[in-house]
Amino acid sequence: MQSELAMLLPGLPLLGGGGLFLAEWLFPGRSPRRAFLALVPTAAAFLLGLWFLVRVVSSGPVILPFPVSLPGLSAQPLWGVDRLSAIMVLLITGVSAVVQTYSLRYMLGESNYERFFALIGIETGILLLLVTSRNLLLIFIFWQLMSLGLSLLMSHNRFRAQSVAAAQKTFIVHRLGDAFFLAGLLLAERLFHTLDIGRMADMLRDSPDLVSQGSLVVLTLCLFAGCMAKSAQFPLHVWLPDTMETPTPVSALMHAGIVNVGGYLMNRTSLIFSHAPLTMHVVFLVGFVTALFGSSTMLTQSDVKRKLGFSTMGQMGYMTMECGLGAFSLAVFHLIAHGIFKATLFLESGMGIHIAREEPGLPKRTATEPRTPEAFRLSRILPAAFVTLVLPLVILLGAHQLAGIHLSREEGTVVFLFFSWVTVSQVAISLTRARLFDSFAAAIPWTAFLVFFVFVYIKAAHLFNLFLYPDPAARALFFASGGVGWVLFTPIVLLITALIIAGWGVALLRGIRGAVVLPAWVLSRQEALYLFFLNRGTLEFFVLHRLIEPLDRLLGRLRGFLPGRGEIR
Amino acid sequence: MILSLPVPVAVLLFLPLLFPVSRALAAKRGKAAGWGLSPVLLFAFALLYALLFQGACGPCRTLPREGLLLSLAFTAALLAYLPVIPEEERRSPAPILLPAVLSLATGVFLQEGPGRIEAGAALLSLALFLSALLLGGAYPGAYLRFFSIRLVGAALALGALSLEATRTSPALLLSTALLGIVFLLPAPLPRRTEKVLLPGFLRTDQLLFVCLPPLVAFHIFRGVPAGSLSQSPAALLLGPLLGLSGLLYVKIALFVEEMADGLTVAGTGFLLAGLLTGSPDGREGALYMALLLPLSTTLSGLSLSFLSQRFRARTFQGLAGQGTMVEPLRLAFLFGAFQGMSLPVVGGFLGEWSLLRALSEHSFALSILSVVGIFLAFVLVLDRTRSLFSGEPFRRLSPSDQMLASEIRPAEGWALGLASLFLLGADLLGTFGFPGGG
């Protein structure tokens, strides 16, 4: 009986959302109280999710028959809650509950107030069904329904052309990914005669030569293409920046919850991905390009929400890189952390924008000329530079000795440590700018705090890895298939380290000698590069003006062969 | 042909013919549209009863289940169209013509046995030819002359199919059947002159020449043995080609009605591809497509027709954004359009999945081509939906006109309600399968 309660996880938000739809239809009106019809069930699902997490950890996964019988989906198990599902349930319901609470006041002036909450409730339910499905076809069904729900949420104000256009673009890109996913399903059906993920993984484990490496690579690449569209990976990221046209709570839900499903699917199918090393390398490369492109473009944008959007893209790139390295659990850890902080940032930004619009004194009109930069002092920079360069050593040694992570076996973890280092470096730069790193004496407590924070994070990530994938054989398989071997990996690590140190060096010298450190040919390309990222890589321009428009013109000529050309009305 | 059916069933076929009488009586007494529809409604219930209680009902036992489903789909589409045949178009032969075609089509769909099925299809093509002549007479200049020739060609090709000699040669059988189907389809070969714009004509035209052909296409292959279908890869390729040409037609469409034409062609291509695999999965998926296509065309076609009538425009450009103001039409169109997008649950995704699976087993490349087609159909339908039903309206109306435009008349409500109900039924059938299995 207790297991059957799992049905309430997606059932509660679905019932809440559906009930609110019905209430709005039967008794039209606008009341924040009615929005609680969707909010309370979502919060209840969060609490139930907590209970299930404890249960799953203590007694193993909960497997249930799918409540509805569908043709082509007879093979069990179709549905259940395991550790990964339980974690995702908590993330989704938590973010959704926060977003709904925030929207109670934020959306009060908007049209279709109650329908908005109803849609969020239903979308949450669909997401929960997705993360608790164990069959690829079932996942695909909810995967598509999620796109539909997202599109409806994005075009909440259907009179606003930009919102509707953004919703359309998002839906099209998602469906492009879905087309690959569907092709992957057809191939999986041909190869394995089942779409049950667990069974497929067992078949591969028992007889690795059951499927040729080429077919497996194609299959996993198709699945990955589906993930790419949802998780805004380059070049299927084009929908993400436009989603800023939607209400801020939708942006928050999307950036904190929906974009994560790509990472979720890669984790869910990790035992299949890990049998295709070539795909793992492609995954890493795509993640790398996405992270680079997203982070660089973020730096050039002036719109707050757009900046956050590209930041999400960069983070999703990191997450995908981690998957490509076999660090699947770290990707989940990353997406949870990212989901929480990005939701906070979006909701804060929405409030900030709202205040800026309403408050007549903002933006401050008394702003004078920009301040002239202060004279450069080496003593100001040195503590930060020193700390930043020493930190990686401390982090690496600490991770090895204190957290007990075997770095020689886990390349993915090393990359994660790199990520920690870069993040901490960024914090160090910010602290320097805020004049909190002016001297070594001031820098020490901050450094101690940062080191402590990083260790807690690394230790938590390591424990999370053991929690999510308790089977050492599975972990070893992941890292083995994602790794490139230490012969190749070591020079890459050294090269990147050198690049980062060189970057610091350039920044330092630039501070001392002005902006003439870099050679002229590099400086001359800076502006072009800036414009390239400012225009989001001109990818959309190329697709629209060089591909779609000429094709439209060509097809338009065909119209001349059909009757009715003169009677247009 | 009718004589081969059990007597009660043959008698039942005459029931829809009472529609003109019941309609006149209902109009005279000022009754609601439902009263006028009662003979066709009764007919639909009788078909449904035969389908659900086939084992318990003596005369129904020998009736083919697929035939019953095809008949029911056409009856459902007709039921949605009948309430909105405008009274003022007195010249229109639709009130007599449409029930007559329904009776004939049901009689044909309920046939069994090689030769008889194909002969029935030829008879239906001939009936369509006569309908085109009648409509052409009532609305002069409405059709191109080539269209009539096309329909005669279809009747001849399908008539040839009923000959033993044609059926024994697989290549001849396939080419003749496909030729007949291509001639019957509403596009890409031209049909109308676009000179007659009366809503009654356009709706009758849509029901006869857009909704019926996919049902006939499936019916033709009901009699063809599965083994002889999977022989020719070239024939198998024709399905996707037809599908892509239909999508191209949607892409270059100027008038709103052309979208339904193109999507029907695309869907029929997909349906044929599944049927020609000769596998049970392919047949099941094809049947589902055959049922879904006329019903989704009916719902989205009627929504667009009502919209055109309100704003006196027929092009996508002229109707841009106008649908935003009429919420019920928007919802009805979205529900109909979602079918064309192959989304799960609303589009009965699992029915299409079985079709794709059958294609994949037969030829993986072909299944990939179909996936591409599904994606393109989605993009096109979404784009059209956005242009018509969101954003700023192309023309603003005064508040009083706006109020009038956003009101749904009772007959329109009946039509949209019935179409949505039947479409939902088809969706549930595709998703959860037939009650009692199968």
Side-chain angles (χ1 to χ4, degrees), chain A residues 68-73 137-138 140-145 147-148 151-152 155 157-165 167-169 171-172 174-190 218 222 551-552 554-569, chain B residues 144 187-188 190-195 197 248-249 251-255 258 281 284 312-315 317-318 321 324 330 338 341-347 349-351 353-354 356-357 359-361 364 367-368 371-372 374-375 378-379 382-383 385-386 389-393 430-434:
Chain A
V68 182
S69 156
L70 299 166
L73 275 173
L137 182 59
L138 209 55
F140 183 69
I141 289 174
F142 297 122
W143 189 264
Q144 291 195 81
L145 282 180
S147 301
L148 175 66
S151 169
L152 292 174
S155 53
N157 183 357
R158 63 174 186 278
F159 292 96
R160 197 158 176 271
Q162 295 97 316
S163 302
V164 180
Q168 184 189 5
K169 193 176 182 181
F171 209 177
I172 288 176
H174 281 191
R175 287 283 289 181
L176 180 62
D178 292 352
F180 282 100
F181 193 165
L182 185 57
L185 290 191
L186 291 171
L187 188 59
E189 175 85 18
R190 260 174 89 94
V218 175
C222 282
L551 189 68
D552 273 352
L554 186 73
L555 293 177
R557 287 186 194 159
L558 280 177
R559 178 71 220 182
F561 296 103
L562 293 176
R565 203 179 173 201
E567 293 92 27
I568 297 171
R569 204 160 59 131
Chain B
L144 294 168
R191 178 170 94 249
R192 288 197 312 260
T193 59
E194 305 294 347
K195 281 178 185 158
L197 309 175
L248 191 65
Y249 194 80
K251 174 70 191 160
I252 62 173
L254 281 178
F255 302 106
E258 289 175 341
D281 267 352
E284 186 191 312
R312 296 183 186 283
R314 286 180 60 224
T315 59
Q317 197 188 357
T324 321
R330 182 174 165 269
F338 281 158
M341 296 186 189
S342 313
L343 287 166
V345 188
V346 277
F349 168 76
L350 287 166
W353 166 248
S354 60
L356 278 173
R357 216 164 48 167
L359 275 174
S360 151
E361 285 297 322
F364 189 65
S367 67
I368 296 300
V371 170
V372 172
I374 288 176
F375 173 67
F378 164 79
V379 172
L382 186 68
D383 189 49
T385 308
R386 180 183 73 97
F389 290 94
S390 60
E392 286 291 313
T431 307
F432 300 108
F434 195 78

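Residue numbering restarts at 1 for every chain, and letters A, B, ... go by the order of the sequence lines.
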Exercise. Among all residues two or more places apart in sequence or in another chain, which pass the side chain to side chain donor-acceptor pair (under 3.5 Å) test with A:S147?
Worked result: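 Only A:K230 meet the side chain to side chain donor-acceptor pair (under 3.5 Å) criterion with A:S147.
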Go through the atoms of [X] and report whether side chain, backbone, both or neither lie under 4.5 Å from a heavy atom of chain A.
X	value
B:F364	both
B:I368	side chain
B:L248	side chain
B:D383	both
B:S354	neither

Problem set entry | Between CZ on residue A:R190 and OG on residue B:S367, distance to nearest 0.5 Å |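 Nearest 0.5 Å value for the CZ-OG distance: 7.5 Å.
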Between [X] and [Y], what is the shortest heavy-atom contact and its length?
X	Y	result
A:I172	B:F375	O-CE1, 3.5 Å
B:F338	A:L148	CZ-CD1, 3.6 Å
B:V371	A:L186	CG2-CD1, 3.9 Å

Exercise. Does any heavy atom of chain B fall under 4.5 Å from the side chain of A:A165, the backbone, both, or neither of them?
Worked result: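 Backbone plus side chain of A:A165, per the 4.5 Å heavy-atom cut-off to chain B.
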Problem set entry | Under 4.5 Å from any heavy atom of chain B - which part of A:F171 | both
Exercise. So, do A:L185 and B:W353 sit near enough that their side-chain heavy atoms are less than 4.5 Å apart?
Worked result: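 When only atoms from C-beta onward are counted, B:W353 and A:L185 do touch, with a gap below 4.5 Å.
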Exercise. Between B:E361, B:K251, B:R330, which residue shows the highest count of heavy-atom pairs closer than 4.5 Å to chain A?
Worked result: B:R330
For this session: Spell out, as yes or no, whether a donor-acceptor pair under 3.5 Å connects the side chain of B:R386 to the backbone of A:V164.
Result: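 Flag not set: sc B:R386 to bb A:V164 has no pair under 3.5 Å.
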